[in-house]
Protein chains: 2
Amino acid sequence: MKPKLSDIARNLSVSSATVSLALSGKGRVSRDMVERVEAEARRIGYAPNQMGKALRTGRSTIIGLVLPDVGNPLFPRMARSIVQAAEDQGYGVLIADSHSGAQTQDRAVQRLVDFGSDGILVIPRKGTRIGSSDIPTAVIDAPTSPLNIVSADHHQGGALAVRHLREQGHQKILCLGGSSASLVQRTRVEGMQSAADGAEVTVHWMNESTPDIPALVRQGVTAIATTSDLMAVQVLTELGAAGLRVPQDVSLVGFDDLDVGQMIRPKLSTVGTSETEIGRRAIAGLIAMINGGERPKDDVVPMHLVQRETAIEIKPGGDEQ
Amino acid sequence: MKPKLSDIARNLSVSSATVSLALSGKGRVSRDMVERVEAEARRIGYAPNQMGKALRTGRSTIIGLVLPDVGNPLFPRMARSIVQAAEDQGYGVLIADSHSGAQTQDRAVQRLVDFGSDGILVIPRKGTRIGSSDIPTAVIDAPTSPLNIVSADHHQGGALAVRHLREQGHQKILCLGGSSASLVQRTRVEGMQSAADGAEVTVHWMNESTPDIPALVRQGVTAIATTSDLMAVQVLTELGAAGLRVPQDVSLVGFDDLDVGQMIRPKLSTVGTSETEIGRRAIAGLIAMINGGERPKDDVVPMHLVQRETAIEIKPGGDEQ
DNA sequence: GCGGCTTGCTTAATCGTTTAACCTTAGGCG
DNA sequence: CGCCTAAGGTTAAACGATTAAGCAAGCCGC
């Protein structure tokens with residue numbers, strides 16, 4: 001079947017210990033021997049059996065990833081960067097879905113532990129906290145969240161969105177949050193408010209009440225900032241159906257830089273995160289913990305503004321109807 | 001540390017062979033013994049060490065999943081159903097990303113194999129084919145694709161979309177495909193054409209040329225069918241910017257039933273797949289192969305129409321400008 | 001010339017589980 | 001009563017890798 005360590009040993013008439021030592025570069029092995037072992041390993045296409053290795057070392061080089069429910073549309077990019085980062089460090093990523101319910105989330109963690117994961121990375125569902133387990137666990141959420149290891153700077157991102165609108169002269173800004181139960185979204189909204197700089201910024205939570213957006217625009221709102229691109233698309237189409245134009249009648253900025261933002265006309269201005277960076281740092285931190293390091297300090301990665309077509313300078317004197 | 005099999009054995013003063021046999025229900029063990037073992041296992045919270053088990057049995061109970069690039073927006077649901085189905089059968093899911101390039105795809109497969117996966121499930125990038133490896137491999141693509149095991153009935157789905165429009169009286173239908181390089185999308189378009197039933201169905205591939213959609217509508221097109229919700233959203237917003245109304249001026253139906261379809265106003269009529277069903281069957285088939293079964297025959301799961309607000313009866317006599 | 005150090009390799013134990021083969025006891029039966 | 005069988009265990013050998021400990025040979029210095 002698949003070539004094993006002892007095949008190399010037999011072919012070279014040495015002990016398997018020597019081969020192992022040679023390949024790992026750990027023990028005292030002659031330079032010559034190392035080369036011969038490596039050559040033979042390549043020749044027969046040797047790849048170490050992870051199970052044997054894991055059993056002996058107690059390390060599976062597998063990281064468990066617990067995903068929030070599918071609803072989160074920026075999960076794919078997140079997952080991708082995490083897998084990529086893990087791969088670069090030689091780790092595999094085992095995934096579990098925590099569908100709905102916080103209790104299932106803990107079960108998912110448990111399953112991953114049972115499979116021998118060396119560490120667990122959790123992107124929690126909004127409003128849940130994860131019970132700490134006995135193996136290294138890291139969370140990607142927000143700085144105030146327990147076990148958090150890295151997060152996007154949602155506060156700064158929110159500020160970025162509103163500051164952009166302020167710079168364009170907007171004085172009456174509507175700020176639309178999806179769910180006030182989400183820590184991330186609350187933080188984004190707080191960031192938005194923090195950049196008000198004298199402008200009138202009113203907040204609406206979609207899970208609490210559904211504002212009549214076209215009406216608000218007719219009452220003088222000149223710009224809308226949402227906490228998600230999906231909501232921005234909803235707003236855009238709703239305004240379109242009501243005969244209002246973006247960005248001529250009202251400016252709009254989204255959040256998350258989803259693909260859909262580039263598809264719609266006009267293209268959506270939005271605030272983006274570097275998922276790659278977050279994934280990389282989360283994995284780096286987690287692996288550090290696995291290797292006996294201390295839990296790294298919270299790491300916050302900044303967001304950036306993506307200027308496209310939905311937010312423009314307010315037309316002079318057009319702010320009062 | 002973690003309780004192991006031998007802990008149970010010691011506590012009960014029996015051999016670990018007995019414990020193993022009792023837990024698996026395989027050998028000749030007295031009813032009484034089985035119960036005592038199970039009780040003790042629960043008491044100390046025993047969970048078998050997957051590495052030890054895998055090493056001995058040659059089965060890791062891990063399935064490798066190779067994902068296409070992130071672009072595919074229905075991937076999250078797919079991944080979820082696959083993970084769920086695997087979990088139900090006691091399997092873990094190890095993921096690898098095949099970013100871009102077919103070569104990377106094979107490397108991803110190799111990585112998963114090296115990690116000890118018992119089988120590999122691939123959702124290929126459009127236009128790539130995967131090299132068969134030495135372990136059971138299944139593909140979710142289209143019936144004509146090699147190694148394919150299960151797929152959505154894209155042809156029937158396409159037919160469903162156009163038939164729906166035909167039933168509403170539409171005679172001039174524009175059919176919008178994303179990329180003619182994608183087997184899936186070609187199949188959808190073929191399905192659409194097959195349901196023309198005498199109507200005029202013209203096809204445009206977005207990767208080849210960008211049609212002036214508002215112009216086409218003014219020339220008499222009364223309905224548009226796209227091969228993806230994302231494109232439908234693009235069309236919808238483009239029409240909106242041009243002052244045309246959906247569905248009053250033109251009907252629209254998308255594909256994939258993405259979340260964004262429910263966010264936009266009006267809500268998007270579309271054709272949906274049962275990702276759950278596909279995931280379930282793919283995993284079931286793959287596990288059957290792992291257990292020595294033959295490669296199951298291609299399995300095709302039907303799509304369904306999701307009627308929402310963007311496709312309505314054509315207004316009588318409004319079909320000619 | 002001999003104890004001690006270094007070098008380079010080998011021996012063998014070990015990780016936790018499974019499972020073929022064996023052993024012991026007891027019951028059935030002619 | 002003794003033989004055969006079955007039931008219910010146990011022993012021990014794997015699976016494939018790592019690694020502490022050991023050992024032989026060579027070299028050094030005094």
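Numbers restart at 1 for each chain; the letters A, B, ... are given by sequence-line order, proteins then strands.
Salt-bridge formation is detected for the pair R10(B)/D7(B): a Lys NZ or Arg NE/NH1/NH2 atom is positioned less than 4.0 Å from an Asp or Glu carboxylate oxygen. Under a 4.0 Å N-O distance rule, the pair R281(A)/E277(A) qualifies as a salt bridge.
Taking all atoms of both residues into account, the shortest heavy-atom contact from N148(B) to D141(B) is OD1-N, 2.7 Å.
Backbone-only contact: M33(A) has heavy atoms under 4.0 Å from sugar-phosphate atoms and none from a base. Within 4.0 Å of S30(B), counting heavy atoms only, lie sugar-phosphate atoms of the nucleic acid but no base atom.
F115(A) CZ to Q110(A) CD: the interatomic distance, rounded to the nearest 0.5 Å, is 12.5 Å. Note that CD1 of I283(B) is 9.5 Å distant from OH of Y91(B), once rounded to the nearest 0.5 Å.
Atom CG in L55(A) sits about 17 Å away from atom P in dA14(D), given to the nearest Å. Distance, L12(A) CG to dT10(C) C1': 15 Å, rounded to whole Å. Remark: C1' of dC15(C) and CG of D7(B) are 14 Å apart, rounded to the nearest angstrom. Across the protein-nucleic acid pair, R10(A) atom CZ and dT10(C) atom P stand 15 Å apart, rounded to whole Å. What separates CZ of R31(A) from P of dC9(C) is a distance of 12 Å, to the nearest Å.
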Original post:
Taking protein heavy atoms under 4.0 Å as touching, what does nucleotides 17-25 of chain C look like 5' to 3' if B marks base contact, S marks sugar-phosphate-only contact and - marks none?
Top reply: BBB--B---
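A side-chain contact (heavy atoms from CB on, under 4.5 Å) with V66(B) is found for exactly one of L112(B), I123(B), D106(B), L121(B), namely L112(B).
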